[in-house]
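Beneath this line is the structure, given in structure tokens, with notes to follow.
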Amino acid sequence: QVQLVESGGGLVQAGGSLRLSCAASARTFSAYTMGWFRLAPGKEREFVAAISWNGGNTGYADSVKGRFTISRENAKNTMYLQMNSLKPEDTAVYYCAASVDGYMSWPQQERYQYDYWGQGTQVTVSS
């Protein structure tokens with residue numbers, strides 16, 4: 001029902017920046033909590049950041065706090081992840097996800113809490 005498409009990935013040097021976008025094909029986008037996850041080679045998919053339906057609440061994994069910023073523009077059905085001071089360990093496929101249900105815990109950092117997923121965009125950070 002909801003399609004999510006990530007874009008903005010690429011190859012950057014350590015210390016550089018990238019801005020990922022997630023476009024949603026849903027007029028009810030504004031009702032969804034949104035999140036970013038990433039999958040690095042040899043590792044499990046891990047939580048990166050989440051943002052509430054109106055952008056009032058955000059949450060980040062400790063590994064990206066102070067470097068990444070999640071935001072959204074509901075009028076454009078788009079979510080963003082601004083990534084600064086990138087490190088080689090940030091190399092991964094980044095996925096956006098949408099949650100249609102509300103949860104008491106915050107941030108929503110578990111895969112089961114999200115209902116729709118994009119195909120991912122590759123981020124590679126070189127030394």
Side-chain angles (χ1 to χ4, degrees):
Q1 185 174 354
V2 178
Q3 290 183 296
L4 304 174
V5 180
E6 303 94 336
S7 62
L11 174 64
V12 298
Q13 293 183 326
S17 298
L18 283 174
R19 190 190 195 195
L20 306 183
S21 298
C22 174
S25 60
R27 63 181 181 85
T28 56
F29 174 78
S30 62
Y32 303 147
T33 290
M34 300 292 296
W36 288 98
F37 289 74
R38 65 187 182 185
L39 179 62
K43 296 184 178 181
E44 298 293 323
R45 188 172 301 197
E46 65 177 352
F47 168 77
V48 176
I51 187 167
S52 60
W53 70 273
N54 63 352
N57 293 309
T58 59
Y60 300 90
D62 288 341
S63 60
V64 306
K65 286 181 179 177
R67 300 188 298 119
F68 291 9
T69 302
I70 189 171
S71 62
R72 66 193 297 165
E73 292 185 85
N74 288 345
K76 296 182 178 180
N77 286 358
T78 303
M79 176 182 64
Y80 306 96
L81 184 68
Q82 178 66 46
M83 305 185 295
N84 298 325
S85 301
L86 283 163
K87 305 175 181 179
E89 51 263 45
D90 294 318
T91 295
V93 177
Y94 284 71
Y95 299 88
C96 66
S99 174
V100 301
D101 295 320
Y103 293 87
M104 291 298 297
S105 63
W106 187 262
Q108 294 182 199
Q109 57 186 33
E110 304 293 339
R111 289 195 66 186
Y112 78 86
Q113 296 176 313
Y114 293 86
D115 304 285
Y116 302 98
W117 296 82
Q119 295 299 307
T121 185
Q122 177 70 48
V123 172
T124 302
V125 184
S126 62
S127 300

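Side chains included, hydrogens not; waters and symmetry mates left out as well; all remaining heavy atoms used. Heads up: numbering here begins at 1 and tracks the sequence.
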Set of salt bridge (charged side-chain N to carboxylate O under 4.0 Å, His left out) partners for K43, sequence neighbours left out: none
Should we say atom CD of Q119 is surrounded by more than 12 heavy atoms from elsewhere, each under 6.0 Å from it? no
Is there a donor-acceptor pair closer than 3.5 Å between any side-chain N or O of R72 and the backbone N or O of F29? yes
Looking at every non-hydrogen atom in both residues, tell me the closest pair between G59 and P107 and how far apart they are. CA-CB, 3.9 Å
Looking at W117, I want to see if its CH2 is surrounded by more than 12 non-hydrogen atoms of other residues, nucleotides or ligands under 6.0 Å. yes
Contact check, side chains of T33 and W106, non-hydrogen atoms, under 4.5 Å: yes
One pair to check against side-chain contact (heavy atoms from CB on, under 4.5 Å): W36 and F68. What are the steps and the verdict? CA-CA 11 Å; W36 288 98; F68 291 9; over 6 Å; no
Going hydrophobic residue to hydrophobic residue with side-chain gaps under 4.5 angstrom, can you get from F37 over to V125? no
Heavy-atom pair of closest approach, residues T78 and S21: CG2-CB, 4.3 Å
Can you tell me if Q113 and S105 form a side-chain donor-acceptor pair at under 3.5 Å? yes
Counting N and O atoms only, with roles assigned by atom type, does the side chain of Q82 sit under 3.5 Å from a partner on the main chain of T69, one being a donor and the other an acceptor? no
Going by the rule salt bridge (charged side-chain N to carboxylate O under 4.0 Å, His left out), which residues pair with E110 if we only count those two or more places apart in sequence or in a different chain? none
Is it possible for you to say whether M34 and I70 belong to one hydrophobic cluster, with membership spreading through side-chain heavy-atom contacts below 4.5 Å? yes
Is it the case that atom CD in E46 sees more than 12 heavy atoms from other parts of the structure closer than 6.0 Å? yes
What pair of heavy atoms forms the shortest contact from D115 to D101, and how long is it? OD2-N, 4.0 Å
Membership question, hydrophobic clusters at under 4.5 Å side-chain separation (ILVMFWY): are F47 and V123 in the same one? no
Is W53 reachable from Y103 through a run of hydrophobic residues whose side-chain heavy atoms are each under 4.5 Å from the next? no
Nearest 0.5 Å please: distance from the CG atom of N77 over to the OG atom of S30. 7.5 Å
Could you work out, with ring pair (Phe, Tyr, Trp, His ring centres under 6.0 Å) as the rule, every residue matching Y116, not counting sequence neighbours? none
Table please: side-chain donor-acceptor pairs of residues 11-19 below 3.5 Å, with sequence neighbours left out.
| unit_1 | atom_1 | unit_2 | atom_2 | d |
| --- | --- | --- | --- | --- |
| S17 | OG | N84 | OD1 | 2.8 |

In this structure, would I51 and Y32 fall into the same cluster of hydrophobic residues linked by side-chain contacts under 4.5 Å? yes
Residues that E73 engages under salt bridge (charged side-chain N to carboxylate O under 4.0 Å, His left out), provided they are two or more places apart: K76
Using the rule given for side-chain contact (heavy atoms from CB on, under 4.5 Å), can you reason through L20 versus M83, listing the C-alpha separation, both sets of side-chain angles and the distance that settles it, and then say yes or no? CA-CA 8 Å; L20 306 183; M83 305 185 295; 3.7 Å; yes
Pairs where residues 85-99 contributes a residue and the test side chain to side chain donor-acceptor pair (under 3.5 Å) is met, not counting sequence neighbours: R38-D90, R38-Y94, R67-D90, S99-Q108
